[in-house]
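Take a look at the structure below.
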Amino acid sequence: MLALIMQILDVTILNVALATLGREFQVDPAALQWVLTGYMISLAVFIPSSGWIADRFGSKRTFQAAVIIFTFASVLCGVSGELWMLIAARVLQGVGGGMLVPVGQAMLFRAFPANERAKAGAVLSIPITVAPMLGPVLGGVLVEYASWRWVFFINVPVGALALLFTVLYLREEERRDPGRFDFPGFLLAGVGLATLLYGLEQGAQLGWGAVPVWASLLISGLLIAGLIWRELTVREPMLDLRLLTDRMFGTGNLLLLCQTGSMFGILFLLPLYLQNLRGVSPMYAGLVLMPQAVAMLLTTQVVSRVYGRIGPKRLILAGYAVQLAICAGLQLQGLTTPLGFLVGLLAVQGVAMGLLMTPVQTATFASISGPAMGQASSLFNVSRQVATALGTAIVATVLVVLTEHGRSTMDQTTSFAEVELGAYHGAFLVSAVFAVLGILLALRVRDADAAASLDRPSEPPRTGDREAAETVR
């Protein structure tokens, strides 16, 4: 939890400090973007290989190394005197961050039996929920009252505490032989995913017809196609794509894509809407988002207790249905709508997030055995990264296109603010499309596929064999 808080907080807190960094280093936004892009690319390279590394060197050692790398890189970021030093330190941060979450998640799920993973998921939801909401508020406070350097230095005490806990309390898990290192798979996965995320990110900024964008997407498509062929034919793959043939695991990754695409699209748009159209400060925008985190935390704790009896299908359907209703409610947002209405909507969206997060995650890993957990966690986190980039890129593109179209066709009776509001309404509909796709996928979910994660008792054997019945009990 501490490591996950550190990793997520680092991403969300930095966004608030970008303008200050631009003034500090006297660079334009295009150059400053590499502070984010360098980290993202480094993440993309090391997430796919994290499962093999943990199997080869041990989960505890890998996790400790990731915490040390991330914390040390945070210090280097804070003391950077030149932009290139900051970018290099961010790339090093990505090395640690790319292993922190997949390895930590795999360790957590191995520590709990399948029918208790919903409770583990509820614990995991705390940093995932709290960190993105605290980031903008904490970043605003640090930049305004301390220094931009503390945006990175704040990771040091958290990382030190996490490392201390790993030394005192974590046991090294039994290692499994991961086989030879699949170097071609490593290159195809790392470079293919990095160019895909880069293309998606730049597409929303430069336009999808820009040469760097379509070239990146074309290259990523070829590399990922090569990766699929390689990993399905090699004996010891870097990423075990055969895990996706498991009905629940494959469906769960698609559900994660829809969930992340819908919710991160809204989380990307709302701070822009609040700051650009409603004129609130970044700190105040973060406070408006806080009730969402509280509602999600409360809902997740309830869901983790009823998941075993209700099963994932109905909870996931309910979550997407509530999310769809939120997208409809966002269409009612205007230039003078009381912010209390938005706070209420976000609180309800927190309920939707709570209904989705634990069931999707728990059901996805329900049939995954302990030895395969590292590989499965790597795949799951690759899906999360792609979904985040895809959802953000699509809503950003729709926002830009609708804004430009509205300005080119506006008349004297329409203000720029009204044009931009209409663009935001159109972009919010993208999240609704993701929610509809999520509902259609949820209809394919069968509770029986996630039976290992449920509390329902097994049926007694029909043979009447007393010893077999005792084994089932």
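Predicted model, so just to flag it, every value in this text is computed and none were measured.
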At their closest point, which heavy atom of Cys77 faces which heavy atom of Gln93, and how far apart are they? SG-OE1, 3.9 Å

Looking at every heavy atom in both Ala189 and Pro48, which two are closest together, and how far apart are they? CB-CB, 3.8 Å

Before giving the answer on side chain to side chain contact (heavy atoms under 4.5 Å, CB included), spell out for Leu330 and Ile266 the whole-Å C-alpha distance, their side-chain angles and the decisive distance to 0.1 Å. CA-CA 9 Å; Leu330 288 172; Ile266 291 177; 3.8 Å; yes

Tell me if a side-chain donor or acceptor on Ser50 pairs with a main-chain N or O of Met99 at a distance below 3.5 Å. no

Any side-chain heavy-atom pair from Leu239 and Ser378 closer than 4.5 angstrom? yes

Give me the atom names and distance for the closest heavy-atom approach of Pro102 to Asn381. CA-ND2, 3.6 Å

Test ring pair (Phe, Tyr, Trp, His ring centres under 6.0 Å) on Phe380 and Phe365 and set out the steps. CA-CA 9 Å; Phe380 192 74; Phe365 288 90; 5.1 Å; yes

Verify the neighbour count for atom CZ of Phe112: are there more than 12 heavy atoms of other residues, nucleotides or ligands below 6.0 Å? yes

Any Asn155 side-chain heavy atom under 4.5 Å of Thr71 side chain: no

Between the side chain of Thr392 and the main-chain N/O of Ala389, is any donor-acceptor distance below 3.5 Å? no

According to ring-ring contact (aromatic ring centres under 6.0 Å, His included), who are the partners of Phe46, at least two apart in sequence or on a separate chain? none

State the CG-OG1 distance between Leu315 and Thr362, to the nearest 0.5 angstrom. 10.0 Å

Do Leu138 and Ile154 have side chains that get closer than 4.5 Å, going by heavy atoms? yes

Reference residue Thr388; test side chain to side chain contact (heavy atoms under 4.5 Å, CB included); the match among Leu197, Thr260, Leu257: Thr260

Report yes or no: does Ser42 contribute a side-chain atom to a donor-acceptor pair with the main-chain N or O of Val95 at less than 3.5 Å? yes

Under a 3.5 Å distance rule, please check whether Arg314 uses its side chain to pair with a backbone N or O of Ile310 as donor and acceptor. yes

So, taking the atom named CD1 in Ile368 and the one named OG in Ser453, what distance separates them when rounded to the nearest 0.5 Å? 11.5 Å

Can you find a pair of side-chain heavy atoms, one from Leu270 and one from Leu346, that are under 4.5 Å apart? yes

Nearest heavy-atom approach of Phe70 to Gln7 is CZ-CA, 3.9 Å

Approximate separation, where rounding is to 0.5 Å, of Leu440 CG and Leu255 CG: 10.5 Å

Would you mind checking if Asp447 and Lys313 are paired as a salt bridge, meaning a charged N to carboxylate O distance below 4.0 Å? no

Could you walk me through whether Val67 and Phe165 satisfy the side chain to side chain contact (heavy atoms under 4.5 Å, CB included) test, starting with their C-alpha distance in whole Å, then the side-chain angles of each, then the deciding distance to 0.1 Å, before giving a yes or no? CA-CA 11 Å; Val67 172; Phe165 283 168; over 6 Å; no

Check whether any side-chain N or O of Gln375 sits under 3.5 Å from a backbone N or O of Asp240 as a donor-acceptor pair, and report yes or no. yes

Value for CG (Leu170) from NZ (Lys60), rounded to nearest 0.5 Å, stands at 6.0 Å

Salt bridge (Lys or Arg N to Asp or Glu O under 4.0 Å) partners of Asp246, counting only residues at least two apart: none

Leu317 to Ala442 - nearest heavy-atom pair and separation: CD2-CB, 3.5 Å

Results of salt bridge (Lys or Arg N to Asp or Glu O under 4.0 Å) for Arg230 - residues two or more places apart only: Asp182

Could you walk me through whether Leu100 and Met6 pass the side chain to side chain contact (heavy atoms under 4.5 Å, CB included) check? CA-CA 10 Å; Leu100 272 180; Met6 180 173 65; 4.1 Å; yes

Is there a donor-acceptor pair under 3.5 Å between the side chain of Arg180 and the backbone N or O of Glu236? no

Residue pairs meeting ring pair (Phe, Tyr, Trp, His ring centres under 6.0 Å), one or both in residues 182-228, sequence neighbours left out, come to Trp34-Tyr198, Phe181-Phe186

Give the intermediate values and the outcome of side chain to side chain contact (heavy atoms under 4.5 Å, CB included) for residues Leu86 and Leu21. CA-CA 10 Å; Leu86 178 59; Leu21 289 174; 4.2 Å; yes

Set of residues satisfying side-chain hydrogen bond (donor to acceptor under 3.5 Å, both in side chains) with respect to Tyr320, sequence neighbours excluded: none

First locate atom CG of Leu254, then atom CD of Gln259, and finally report the distance between them rounded to the nearest 0.5 Å. 12.5 Å

Donor-acceptor pair, distance only, cut-off 3.5 Å: does the side chain of Thr403 make one with the backbone of Leu399? yes

Exam field: side chain Gln323 to backbone Ala435, donor-acceptor pair closer than 3.5 Å: no

Donor-acceptor check, side chain of Gln331 to backbone of His425, threshold 3.5 angstrom: yes or no? yes

Is there a donor-acceptor pair under 3.5 Å between the side chain of Ser383 and the backbone N or O of Leu379? yes

Contact summary for Gly96 and Ile69, nearest pair of heavy atoms: N-CG2, 3.8 Å

Holding to salt bridge (Lys or Arg N to Asp or Glu O under 4.0 Å), I want the full list of residues that pass it with Arg444, two or more places apart in sequence or in another chain. none

So Leu429 and Cys327, do their side chains get closer than 4.5 Å, heavy atoms only? no

Student check: side-chain heavy atoms of Gln105 and Ser377 closer than 4.5 Å: yes

If I take atom CZ from residue Phe152 and atom CG from residue Leu76, how far apart are they, to the nearest 0.5 angstrom? 11.0 Å

